[in-house]
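Working notes, beginning with the structure itself.
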Amino acid sequence: MAEDSLTLTRAEVAAEDLSLVARIRAGDTDAMNAMVARHRQRLNRVAANVLRDRHEGEDVAQEAFLKAFREISKLRDDKAFSGFIYRICVRLCMDRLRSRKPEGEIIECGDGTNGSKVETKILVEKLLEFLSPELRMTLVLREMEQLSYDEVADAMNVPVGTVRSRLHAARERFRAIYLDATKEAM
Amino acid sequence: MTDPVDLLKDIAYTDESADPGREFEEMVMSRWRADSLKRTAQYWLPSALGAVAAALALLAVVQWTMTVPESKQFQRGGAEAKLTPGTAPALPTFTDQE
């Protein structure tokens, strides 16, 4: 039942996207505004989660909207705008991660159990910097964004098998660097 | 000890915590307008420059064609000066022959 209502909601969202995309193609700025309002929260959330910076995430989300509007002629299925803009946002986040300089030393920040929530948060955010952009993106989309393997594969434009292997590698690497960081502090 | 990977869920941003608010839409639309203006300028700039260059070339040609006949007329005028009626010798007239 819940799934039915979810499906219906998705169908409604797709139907509304369809009409908005048609209007955007015709250059209607009100439709653009409405589209931004519909997808604003989701894009800001994913960009902030990947980049771990709300303001940079906001900038990337804005860029994603501009790019989507500019390249709307490339959208084959007008109902698929949601996935189209999500993929653009993920790609822009990857570009930002690749352009960042690698971090230096791992900070020591307690053992993760005794430290405060803020310390743990800082430690985890810092440790994410030690993952490659591909591993980091896969881990964030799966663990923070709670996407399925298929959805991660679609967002990153890679096969599902690649997502599985990257996720495995990302989890192992993250656990290892977390243990290293907390061991040194103990 | 908890799995470190589970800590990621705890620090994830939610829709509410990452939402920049209504001003986000205004920012996107203002960037869109600036972007459109820039693209329009980039699209028309080569044509505008071409038109200006063509106009300048046309002006130069017009000026040249207006100055060239003046100098030709001067030369021809000089040559024709010998043939003007004013330069012919005045013939005597006899009025008392009857």
*Answer yes or no: is there an ion pair linking B:D35 with A:K67, defined by an N-O contact shorter than 4.0 Å?*
no
*Please state whether the side chain, the backbone, both or neither of A:D30 comes within less than 4.5 Å of a heavy atom of chain B.*
neither
*Does atom NZ of B:K38 have more than 12 heavy-atom neighbours from other groups under 6.0 Å away?*
no
_Partner chain A: residue of B:D10, B:D15, B:T14, B:V28 with the largest heavy-atom pair count (under 4.5 Å)_ = B:D15
*Residue among B:M29, B:R33, B:M27, B:E26 with most heavy-atom pairs under 4.5 Å to chain A*: B:M29
*Rounded to the nearest 0.5 Å, what separation is found between the CD atom of A:Q62 and the CZ atom of B:F24?*
5.0 Å
_When you group the ILVMFWY residues by side-chain heavy-atom contacts below 4.5 Å and let the links chain together, are A:V158 and A:V160 in the same group?_
yes
_Same apolar cluster (I L V M F W Y, side chains within < 4.5 Å links), A:L66/A:M94_ = yes
_Nearest 0.5 Å, please: how far is CZ in A:F174 from CG in B:L7?_
6.5 Å
*asked:* For A:R98, I'd like to know if atom CZ has over 12 heavy atoms of other residues, nucleotides or ligands within 6.0 Å.
replied: yes
*Using a cut-off of under 4.5 Å on heavy-atom pairs, state which of A:R171, A:E125, A:R54 scores highest against chain B.*
A:R54
*Establish whether A:L128 and A:F130 are linked, either directly or via other cluster members, by ILVMFWY side-chain heavy-atom contacts under 4.5 Å.*
yes
*Can you say whether A:A170 sits under 4.5 Å from chain B via the side chain, the backbone, both, or neither, judging by heavy atoms?*
neither
*How far does CD1 of B:I11 sit from OG1 of A:T120, to the nearest 0.5 angstrom?*
10.0 Å
*Tabulate, in ascending numerical order, the residues of residues 131-145 of chain A having at least one heavy atom closer than 4.5 Å to a heavy atom of chain B, or enter 'none'.*
A:L139, A:E143, A:M144
*asked:* Heavy atom to heavy atom, less than 4.5 Å: which residues from residues 33-45 of chain A reach chain B?
replied: A:N33, A:V36, A:A37, A:R40, A:Q41, A:R42, A:N44, A:R45
*Does A:V21 share a hydrophobic cluster with B:W32, counting links as ILVMFWY side-chain heavy atoms below 4.5 Å and allowing steps through other members?*
yes
*Under a 4.5 Å heavy-atom cut-off, does chain A meet the side chain of B:S36, its backbone, both or neither?*
neither
_Interface moiety of A:F69 toward chain B, non-hydrogen atoms closer than 4.5 Å_ = both
*Report whether A:L167 and A:I177 are members of the same hydrophobic cluster (ILVMFWY, side-chain heavy atoms less than 4.5 Å apart, transitive linking).*
yes
*Count the heavy atoms belonging to other residues, nucleotides or ligands that lie under 6.0 Å from CG of B:D6, then report whether that count exceeds 12.*
yes
_Among the listed options A:K121, A:E63, A:R175, the residue most often paired with chain B at heavy-atom distances under 4.5 Å_ = A:R175
